[in-house]
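Here's the structure, in structure tokens; my notes come after.
Here is how names work: the chains are called A, B, and so on, in the same order as the sequence lines, proteins then strands, and each is numbered from 1.
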2 protein chains.
Amino acid sequence: MPEKSEKNGRLNVIASLRKLISEGVYAPGERLKELHVAERLQVSRMPVRLAFRTLEQEGLLQKTGTRGYVVRQFSEEDVLCAVEVRGALEGLAARRLAEKGVTEEVDAQLRDCLSRGEALLDKGHLIKADIEIWATLNQEFHRAIVGATGSRVIHDAIARNDHLPFASADSIVIDDAALDREYGKLRMAHAQHQLVFQALSRGEGARAEMLMREHAYIGLRYGTLFGLGEVGHATDAK
Amino acid sequence: MPEKSEKNGRLNVIASLRKLISEGVYAPGERLKELHVAERLQVSRMPVRLAFRTLEQEGLLQKTGTRGYVVRQFSEEDVLCAVEVRGALEGLAARRLAEKGVTEEVDAQLRDCLSRGEALLDKGHLIKADIEIWATLNQEFHRAIVGATGSRVIHDAIARNDHLPFASADSIVIDDAALDREYGKLRMAHAQHQLVFQALSRGEGARAEMLMREHAYIGLRYGTLFGLGEVGHATDAK
DNA sequence: AACCTTTACTTTGGATCCAAAGAACAATAA
DNA sequence: TTATTGTTCTTTGGATCCAAAGTAAAGGTT
């Protein structure tokens with residue numbers, strides 16, 4: 001049974017259910033019954049119903065035509081699409097930011113992220129804990145860019161897309177064998193961050209957008225999402 | 001009081017509340033209380049709570065830090081962002097479709113939309129009823145493209161963005177003075193549709209994407225969204 | 001034996017009740 | 001008079017109960 005919130009002793013049903021699904025306790029395609037989940041989480045049916053609504057909007061659950069919800073299943077194509085959506089939206093954010101101009105504050109934030117990333121790379125190798133650090137760093141970098149666009153509309157669109165299970169940072173595999181690969185990915189990601197920052201600073205909107213879109217594929221390229229192997233994206237074929 | 005569903009006599013609380021908000025009965029920034037809305041709609045608090053959840057996810061409502069929900073208000077920049085998000089996502093869909101290749105069925109659907117649009121234009125002027133026809137036509141055209149991408153991920157991302165009040169087709173103003181302007185817009189939109197179709201047919205992904213992104217701005221250019229005037233979008237400034 | 005009908009059960013949606021957390025207001029002390 | 005604390009009231013979140021719709025199963029009829 002999941003732990004309850006510290007401050008008010010209440011259980012976050014949405015988070016718990018999301019976790020159960022991403023852990024595979026409720027498998028993709030499986031029918032989800034209110035009562036069953038309610039008993040599983042030791043709450044009444046009401047919060048579960050609320051949670052179903054939210055999780056449906058997030059795309060994790062799907063309403064069956066007749067009755068009830070099923071756990072949505074994602075194909076490899078869905079994963080690719082989600083990555084491309086992320087790229088398109090973050091690319092948009094980057095372009096807007098470049099055109100608008102980077103403020104002192106955002107500039108400092110981004111520089112800080114980059115220098116901390118630099119420090120991580122300088123060690124020459126990774127330990128498990130570093131992956132957490134990088135995840136935070138990475139998140140900060142992206143969040144700073146999206147946040148600086150001013151409007152919540154783009155931010156929300158990205159956030160909703162990120163609710164999909166494979167897009168979250170949780171799914172990163174942390175076994176020793178993957179550390180080398182992860183180090184390579186991190187170097188690449190860092191280099192891409194540097195380029196994005198450069199484009200942003202120079203006010204090169206189109207370039208910033210293009211770089212950000214390419215950067216979105218990094219999870220797929222290095223296979224840390226969903227345990228998928230290399231997944232290509234078709235280029236413009238005339 | 002809103003009308004109830006024909007088949008089961010139940011009230012669609014979400015739709016009703018959405019309508020109330022878009023009609024301005026609940027103004028942007030206004031605090032929304034469960035009990036108040038429940039009495040207004042003649043239902044108990046429970047369905048209202050469900051609706052709040054959904055409408056929050058859609059972006060229409062915003063959770064206040066402390067308690068309750070307020071009707072979200074959108075700035076002109078938000079409108080621009082929503083348009084650009086739509087452009088980015090539909091552009092993505094168009095690129096994917098072009099690269100994947102247009103099937104017989106989709107080709108027929110798109111051609112049908114275009115020829116019906118052609119017929120509408122040939123009349124040389126519009127009457128009010130034509131605007132409805134065009135709206136349906138336009139929706140079909142876009143839906144065909146997005147639907148043909150195969151994955152629901154992109155479709156859902158677009159659908160969520162379209163929940164924003166100003167992005168919906170309902171907000172089109174239909175007074176006589178606007179008909180001329182609307183005719184001009186329709187000609188432009190039709191021309192853009194033709195170009196997109198051409199690019200799709202030829203498998204020119206990058207071009208299809210670019211055209212679709214430009215097409216997204218048409219509502220702003222012709223000021224039929226939210227009654228706003230011309231709103232420019234900055235181009236890549238070095 | 002197959003198909004239709006009726007009945008019982010499962011499951012969801014809505015209403016009401018209860019508890020707890022915030023907010024507003026008042027009273028008291030500095 | 002102002003600030004702080006205690007009390008009351010508003011409002012939300014959760015639990016339980018009830019009704020309705022859909023599904024499955026059983027029994028009867030052709």
Positions of residues 29-39 of chain A (non-hydrogen atom under 4.0 Å from DNA chain C), listed by number: Arg31(A), Leu32(A), Lys33(A), Glu34(A)
If you look at every heavy atom in Ala144(B) and Val106(B), which pair is closest and at what distance? O-CG1, 4.4 Å
Heavy-atom closest pair, residues Leu41(B) and Ser16(B): CD2-CB, 4.0 Å
Qualifying side chain to side chain donor-acceptor pair (under 3.5 Å) pairs, either residue in residues 100-110 of chain A, two or more places apart: Asp107(A)-Arg111(A)
The correct set of residues in residues 44-57 of chain B placing a heavy atom under 4.0 Å from DNA chain C is Ser44(B), Arg45(B), Met46(B), Pro47(B)
Protein-nucleotide distance (Leu41(A), atom CG; dA15(D), atom C1'), rounded to Å: 15 Å
Mind checking what makes salt bridge (Lys or Arg N to Asp or Glu O under 4.0 Å) contact with Arg96(A), not counting sequence neighbours? Glu77(B), Glu84(B)
Rounded distance (Å) that lies between atom C1' of dG14(D) and atom CD1 of Ile14(A): 14 Å
Using modelled atom types and a 3.5 Å cut-off, is there a donor and acceptor pairing between side-chain atoms of Thr136(A) and backbone atoms of Glu132(A)? yes
Name the orientation class of the two ring planes belonging to His215(A) and His142(A) (parallel below 30°, tilted from 30 to 60°, perpendicular beyond 60°). parallel
State which residues pass salt bridge (Lys or Arg N to Asp or Glu O under 4.0 Å) with Arg143(B); sequence neighbours excluded, sorted by chain then number. none
d(CZ, Arg67(B); C1', dG22(C)) in whole Å: 4 Å
Arg160(A): what forms a side chain to side chain contact (heavy atoms under 4.5 Å, CB included) with it, not counting sequence neighbours? Asp156(A), Ala157(A), Arg160(B)
